[in-house]
Amino acid sequence: MPELPEVETIVRELRKSAVGKKFWDIESKLDSTFTPDPQTILSKIRGVRILDVTRRAKFIVFVLDQKLRLVVHLRMTGRLMWKKVRGREKHIRGVFVFSDAKSLIFSDTRKFGHIWFGTEKEIDKITGMERLGPEPLSMSEKDFCLVYERKNGILKNSLLRQDLVAGIGNIYADEICYRIGAHPSSRLEALNESKLKALYEATQHCLHQGIEHCGVTLSDFVGTRGTLGKHQKYLKVYGRMGDACYECGTIIKKTRVAGRGTFYCPKCQPVLA
DNA sequence: CCGGGCCTGCGG
DNA sequence: CCGCAGGCCCGG
C-alpha cells in the first residue's frame with residue numbers, strides 16, 4: 001500500500017526526527033526481516049550516525065557514517081513508528097534503539113517488508129534498487145514520454161513496472177489513468193503524443209497531490225508519529241466502486257487489470273486500442 | 001508476459 | 001470459511 005507519496009511522507013518526517021541520531025541496539029523479533037542477519041548488522045551499526053534520510057522509489061534510505069546504508073521497504077503493511085509510552089504496536093518485527101534512548105519500531109502484519117544493511121557500493125545490488133527506473137518526479141516530460149513511447153503493452157501494467165519509472169503503485173496508477181481519460185486496460189501504443197504528455201502531467205499531479213496530503217490511509221498507512229494520511233479524501237476513482245464519478249455522475253466500476261483491483265469511470269475512461 | 005507465492009486480517 | 005487486499009520476485 002505505501003507508494004511513492006506515502007514513503008516520501010515517512011522520509012520527510014524521519015529527516016526531521018532521525019538525522020543526527022546514533023544507533024545503539026537492534027532488537028529483532030523476526031530475523032528473516034533483515035539482510036544480513038540482525039546480529040551482523042548490529043555489530044557494524046552500533047555507534048554509527050544517521051547523516052540523512054532519503055527516498056528511492058518506495059525504498060527508505062538511511063544515509064550513515066562510513067559510507068554505510070540502512071534501507072527499509074514497507075511492501076504492503078510495513079510501518080516505521082517512533083515508540084510511544086502509551087499504545088503498543090502489534091506485529092513488531094524489529095526495534096532500532098538509538099544512543100539517546102529513543103526507539104524506532106518496524107512493524108509489519110504480513111511480513112513482506114524487509115530491511116537491508118550494507119555499504120554504499122553493495123546496497124543497490126542486495127536491495128534490487130539497481131533494477132529501478134528513474135524517479136518520476138525528477139524526470140523531464142521528454143524523458144518520461146520517451147520511456148513509454150518505446151514500449152508496448154497494457155497501460156496500467158506499464159505504470160506499475162518499477163524498472164520503467166519507479167514508485168507508482170496500484171492506487172496512483174488508477175488515479176493517473178482517470179486523469180488522462182483512459183481505461184487502465186488501454187494499449188500503450190494507442191497513446192498519441194498529446195496523450196503521452198497528459199500521462200506525464202497526470203503522473204506529476206497525482207504524486208505531488210499525494211505528497212501534499214501526506215499520503216493515502218485506507219487501512220494500514222500511518223506516519224512515524226501515527227498520523228493518518230489525508231489523500232484518500234481526494235481520490236477520484238480508487239476505492240469508489242458504486243459511487244458517482246465527480247465529473248459525469250456515472251457509477252465507478254471495479255475490474256481486474258494487471259492482477260489487481262482496478263477502479264475506473266466507464267464514461268470518462270474509454271479503452272484506447 | 002502472465003500468474004502464483006509470500007503472509008495475515010478481515011469482509012462477505 | 002473462503003477469497004481478497006497488492007508490494008515485488010520468480011518460474012514457466
Side-chain angles (χ1 to χ4, degrees), chain A residues 1-11 28-35 55-61 71-80 88-94 105-116 123-136 147-148 150-177 184-189 206-207 210 215-222 229 231-232 235 237-242 252-264 273:
Chain A
M1 188 85 106
E3 305 180 29
L4 187 156
E6 289 73 31
V7 175
E8 179 66 21
T9 300
I10 300 274
V11 164
S28 170
K29 315 281 188 197
L30 182 70
D31 284 3
S32 62
T33 297
F34 299 86
T35 301
R55 180 187 58 73
R56 176 71 175 101
K58 302 172 193 171
F59 291 83
I60 299 161
V61 181
V71 173
V72 178
H73 199 303
L74 304 173
R75 291 286 203 271
M76 298 293 300
T77 54
R79 290 177 169 180
L80 275 179
R88 65 201 173 286
E89 190 67 6
K90 289 177 185 172
H91 310 298
I92 294 176
R93 309 304 176 198
I105 294 171
F106 177 71
S107 70
D108 182 18
T109 309
R110 288 161 72 178
K111 302 181 180 174
F112 291 171
H114 205 87
I115 298 173
W116 300 262
I123 201 73
D124 278 15
K125 194 174 193 71
I126 64 173
T127 57
M129 286 195 294
E130 65 181 2
R131 292 190 295 273
L132 291 174
E135 286 290 323
V147 167
Y148 292 109
R150 287 176 178 163
K151 292 286 170 186
N152 300 325
I154 293 165
L155 172 60
K156 179 166 179 177
N157 299 46
S158 305
L159 289 173
L160 292 173
R161 277 182 56 177
Q162 303 297 300
D163 61 329
L164 297 182
V165 169
I168 300 167
N170 198 41
I171 296 173
Y172 293 92
D174 282 4
E175 294 298 312
I176 291 165
C177 290
S185 297
S186 297
R187 301 294 305 183
L188 209 46
E189 51 272 42
C206 293
L207 296 177
V216 169
T217 300
L218 287 173
S219 53
D220 291 289
F221 173 73
V222 290
H231 192 55
Q232 62 279 5
L235 297 176
V237 284
Y238 188 90
R240 299 195 64 244
M241 180 179 55
I252 302 296
K253 284 196 169 180
K254 184 181 182 182
T255 182
R256 213 157 177 85
V257 179
R260 319 284 172 77
T262 298
F263 301 85
Y264 67 101

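Sequence lines set the chain letters: A, B, ... in the order given, protein chains first and strands last, and positions in each chain run from 1. We use all heavy atoms of the structure for the numbers below, so side chains are in, but hydrogens, waters and symmetry mates are not.
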Closest listed nucleotide, where the reference is the side chain of [X] and the choices are [options]:
X      : options             : result
A:K111 : B:dC7, C:dC4, C:dG7 : B:dC7
A:T109 : B:dT8, C:dC8, B:dC7 : B:dT8
A:K254 : C:dA5, B:dT8, C:dG7 : C:dA5

Aromatic ring pairing A:F59/A:W116, orientation class (parallel under 30°, perpendicular over 60°, tilted between) = tilted
Does the side chain of [X] get closer than 4.0 angstrom to OP1 or OP2 of [N] through an N or O atom?
X      : N     : result
A:H91  : B:dT8 : no
A:Y238 : C:dG6 : yes
A:R161 : C:dC8 : no
A:R75  : B:dT8 : no
A:Q162 : C:dC8 : yes
A:N157 : B:dC1 : no

Quantified in whole Å, what is the [atom1] atom distance between nucleotide [N] and nucleotide [M]?
N     : M      : atom1 : value
C:dG3 : B:dG4  : C1'   : 15 Å
C:dC8 : B:dC10 : C1'   : 23 Å
B:dG3 : C:dA5  : P     : 15 Å
C:dG6 : B:dC1  : P     : 23 Å

Touch check for A:G259, heavy atoms < 4.0 angstrom, all strands: base, sugar-phosphate only, or nothing?
-> nothing
What nucleic acid atoms does A:R256 come within less than 4.0 Å of, heavy atoms only: base, sugar-phosphate, or nothing?
-> sugar-phosphate
Closer to the 5' end of DNA chain C via nearest nucleotide, is it A:T127 or A:G261?
-> A:G261
Counting N and O atoms only, with roles assigned by atom type, does the side chain of A:R93 sit under 3.5 Å from a partner on the main chain of A:D108, one being a donor and the other an acceptor?
-> yes
Any Lys/Arg nitrogen of A:E3 or A:K58 sitting under 4.0 Å from an Asp/Glu carboxylate oxygen of the other?
-> no
Per-pair stack call A:F112 and B:dC6, 5.5 Å, 30° = yes
Any donor-acceptor pair under 3.5 Å joining the side chain of A:R110 to the base of C:dA5?
-> yes
Side-chain donor-acceptor pair under 3.5 Å between A:H114 and A:T35, yes or no?
-> yes
